[in-house]
Structure formats: C-alpha cells, structure tokens
Amino acid sequence: MFIDPHGRLIQLITDLAYAILEEHYEVAPENPKLKSEYSLDENANYFEVRNFIEKLVATNYLTAGEYNTNLNHLMQVAELGRYQHDQAQLQQMIYRVRDNHFNNYRLHLFALKSSEFVAEVVGKEHGLYSSVKTLGNRIHSFFEYVKTDEQFVHVKHIGTKTAFKIYKDSIQEFAEPSAVLSFYMEIVPWKDAWNLSGIMTVVNPDEVNFDLPEQYEMTYRIEAMNGKDKSLKKQKSS
C-alpha cells in the first residue's frame with residue numbers, strides 16, 4: 001500500500017494524537033515498562049550494550065527517522081537480494097551492513113555517532129559510560145595472528161605492528177590456527193580490550209593492501225590511539 005506522506009489523513013491522525021497527549025501529559029502516570037526498555041544494566045555484556053544502542057537510536061523521535069532512512073539506503077546498495085538462496089549468508093550480510101552503519105554513521109544531531117549519543121543519554125555516572133562512548137571507534141584492517149590464551153586471541157596489526165587483544169568469546173567457533181595466518185578483522189574497543197564486530201576472514205599476503213584510503217585511515221587511527229599526534233604523510237615513491 002502506498003501512503004502519501006503529505007496526505008490529509010496522516011495530518012488528521014497526528015493532530016488527534018497530539019491533542020490527546022497534550023491534555024494528559026502533566027498527569028499521565030509513568031510507564032515503568034517503557035522505562036525499562038530504555039534502561040541499560042551496568043553489568044550488560046558487549047552484545048547487550050550494542051543492541052541497546054541500536055534500539056535507542058533507531059526508535060526515538062530525535063534520531064530514528066534519519067538513522068533508519070540511511071540504513072535502508074545502505075541495504076538497497078548492498079543488493080542483499082542476491083543472497084536470498086543462502087539464508088545464513090544473507091543474515092551475515094544484513095548484520096554486516098547494520099554493523100557498519102551502526103559504527104560509522106554520524107547523526108545529524110550534533111554530528112554524534114550512535115555510541116556517543118547514547119553515552120550522553122545514560123550519563124557519566126553510569127558504570128559503562130566510557131565503554132559505550134568509545135564503542136564507535138571501530139577498526140577494520142589486516143592483522144597477523146600471534147597466540148591464544150584462555151580469554152583472548154592476540155593479534156598484531158600488520159601495518160603498525162601494534163598488538164591487540166580480542167575477546168575470544170566474541171568470535172564464534174574460533175579454532176586456534178596451527179600455522180601463522182593473517183586476518184581481515186572488524187573490531188571495536190570494549191572495556192580493556194577489543195571485540196569482534198563484523199567479520200573475520202583469513203587473507204592471503206597479496207590481499208593485504210595498506211595503500212587503500214580506508215586502510216591509510218585505519219593506520220592513522222591506530223597511530224593516534226598510541227599517542228602519536230603528528231600527521232601521517234604518504235611516502236612518495238622515488
């Protein structure tokens with residue numbers, strides 16, 4: 001069904017709803033169920049926090065419209081229909097598009113990322129404030145496997161040699177490799193380490209390319225994260 005967004009019917013419905021809400025706003029009882037839906041437990045794990053951020057940003061009247069419009073556009077660009085024959089791959093691709101949008105898109109509201117907006121909503125007194133605020137500092141780049149221990153998968157960024165600890169339980173069905181491998185990984189900071197957020201796939205040496213603009217940006221981000229404030233410049237070939 002096509003609904004004209006400028007149709008008179010929609011205006012009448014919204015005017016009616018507004019009139020009812022305006023009359024009862026000051027005396028309406030609190031809605032504990034609704035409040036619980038928009039409350040974040042301080043003991044929440046990464047995936048609970050991630051889902052909470054996306055739910056809040058995608059359903060509140062300040063940001064929902066632009067957030068969902070842009071997400072729908074990305075879904076169309078991704079041509080997800082070509083994965084219809086493989087439901088597992090389709091769900092993986094849908095999650096990846098959502099995850100990229102969730103981490104990279106800046107809201108029109110103060111040009112905040114979703115994680116930054118929600119951090120201010122939960123407040124600085126919340127135990128997860130810092131973890132929520134920095135969740136959008138996503139890195140998607142190439143890493144070399146180092147080792148695995150009880151809690152972490154240890155990898156090294158190939159371009160900067162920076163060490164990263166990835167929570168092992170964020171990687172589904174991870175099996176410790178028997179040989180030195182390189183991975184393309186999409187990771188986000190979580191508490192005192194990093195969490196897989198997106199895909200992790202084995203890459204061949206000839207697939208590693210740090211001349212791409214996005215990889216140059218990742219290198220700069222990692223360098224900045226390590227306290228290097230000087231501007232990085234591409235080395236011109238002689």
> What's the spacing between N31 CG and E37 CD if we round to 0.5 Å?
9.5 Å
> Side chain to side chain contact (heavy atoms under 4.5 Å, CB included) for Y145 and H154? Distances and angles first, verdict last.
CA-CA 7 Å; Y145 174 76; H154 297 260; over 6 Å; no
> When you measure from the side chain of K165 to the backbone of F152, do you find a donor-acceptor pair of N or O atoms at a distance under 3.5 Å?
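No: the side chain of K165 does not pair with the backbone of F152.
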> So, for E116 and K133, which heavy atoms are closest and what is the spacing to 0.1 Å?
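In terms of heavy atoms, the two residues are closest at CG-O, 3.8 Å.
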> Below 4.5 Å, heavy atoms only, C-beta onward: do Y46 and K191 meet side chain to side chain?
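A side-chain contact under 4.5 Å is absent here.
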> Please report the interatomic distance CD(E120) to OH(Y129), rounded to the nearest 0.5 Å.
3.5 Å
> For a quick test of reading the model, state the closest non-hydrogen atom pair linking K55 to T59 and the distance between them.
O-OG1, 2.5 Å
> Is there a side-chain contact between F102 and V188 (heavy atoms, below 4.5 Å)?
no
> Answer yes or no: is there a side-chain heavy-atom contact under 4.5 Å between H101 and M75?
no
> Between E54 and S114, does any side-chain donor sit less than 3.5 Å from a side-chain acceptor?
no
> Quick check: closest heavy atoms across H140 and E214, and the distance to 0.1 Å?
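Distance-wise, the nearest heavy atoms are NE2-OE1, 4.1 Å.
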> When clusters are formed by joining ILVMFWY residues with side-chain heavy atoms under 4.5 Å apart, either directly or through shared neighbours, do L107 and V97 land in the same one?
no
> Contact between I166 and M185 at the side-chain level, heavy atoms closer than 4.5 Å - yes or no?
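Yes, their side chains come closer than 4.5 Å.
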> Evaluate the criterion side chain to side chain contact (heavy atoms under 4.5 Å, CB included) for residue pair V57 and Y105; output intermediate values, then yes/no.
CA-CA 11 Å; V57 174; Y105 182 68; over 6 Å; no
> Quickly, which of T160, T162, I139 forms a side chain to side chain contact (heavy atoms under 4.5 Å, CB included) with T219? Name it, please.
T160
> Say whether, by atom type as modelled, one donor and one acceptor occur between the side chain of N195 and the main chain of Y167 under 3.5 angstrom.
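Side chain of N195 to backbone of Y167: no pair is present.
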> Hydrophobic clusters here meaning ILVMFWY residues chained together by side-chain heavy-atom distances under 4.5 Å, can you tell me if V202 and I199 are in one?
no
> Are the side chains of D99 and R50 in touch, meaning some heavy atoms are under 4.5 Å apart?
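Yes, side chains in contact.
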> Could you tell me which non-hydrogen atom of R106 sits nearest to which non-hydrogen atom of E66, and how far apart they are?
O-OE1, 4.5 Å
> Is the closest side-chain heavy-atom distance between W190 and V49 below 4.5 Å?
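In short, these two side chains touch, coming nearer than 4.5 Å.
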> Is the backbone of Q84 close enough, under 3.5 Å, to the side chain of Q87 for a donor and an acceptor to pair up by distance?
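Confirmed, Q87 side chain pairs with Q84 backbone.
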> Decide yes or no for H126 and E42: does some side-chain heavy atom of the first lie under 4.5 Å from some side-chain heavy atom of the second?
yes
> Measure up the H157 and F143 rings against each other and bin them: parallel (under 30°), tilted (30 to 60°), perpendicular (over 60°).
perpendicular
> Test side chain to side chain contact (heavy atoms under 4.5 Å, CB included) on F174 and T148; report intermediate values, then the result.
CA-CA 10 Å; F174 178 76; T148 302; 3.5 Å; yes
> With ring pair (Phe, Tyr, Trp, His ring centres under 6.0 Å) as the test, pick out the partner of F210 among F142, Y216, Y220.
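Of F142, Y216, Y220, ring pair (Phe, Tyr, Trp, His ring centres under 6.0 Å) with F210 is met by F142 alone.
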> Just wondering, are more than 12 heavy atoms of other shown residues or ligands nearer than 6.0 Å to CD in Q172?
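Incorrect, the count does not exceed 12.
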> So do F117 and L56 actually touch side chain to side chain, heavy atoms under 4.5 Å?
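Yes. Closest side-chain heavy atoms under 4.5 Å.
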> Between the side chains of N60 and T63, does any donor sit under 3.5 Å from an acceptor?
yes
> Report the distance from atom CD of Q92 to atom CG of D86, rounding to the nearest 0.5 Å.
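Reported to 0.5 Å precision, the distance equals 9.0 Å.
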> Could you please spell out the steps behind the side chain to side chain contact (heavy atoms under 4.5 Å, CB included) verdict for I94 and Y83?
CA-CA 10 Å; I94 289 175; Y83 303 106; over 6 Å; no
> Say you draw a straight line from NZ of K33 to NZ of K35; how long is it, rounded to the nearest 0.5 Å?
14.5 Å
> Spell out, as yes or no, whether a donor-acceptor pair under 3.5 Å connects the side chain of R221 to the backbone of R138.
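Checking the backbone N and O of R138 against the side chain of R221, a donor-acceptor pair under 3.5 Å is found.
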> Return the minimal non-hydrogen interatomic distance between I158 and S182, and the atom names on each side.
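Closest heavy-atom pair between I158 and S182: CD1-OG, 3.8 Å.
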> Just one of N100, I187, L135, N103 clears the side chain to side chain contact (heavy atoms under 4.5 Å, CB included) bar with S197, so which one?
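Among N100, I187, L135, N103, the one that satisfies the side chain to side chain contact (heavy atoms under 4.5 Å, CB included) with S197 is N103.
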> Taking all non-hydrogen atoms of both residues into account, name the closest pair between F52 and Y38 and its distance.
CE1-C, 3.6 Å
> Quick one: does any side-chain atom of T201 pair with a main-chain N or O of Y184 as donor and acceptor, under 3.5 Å?
no
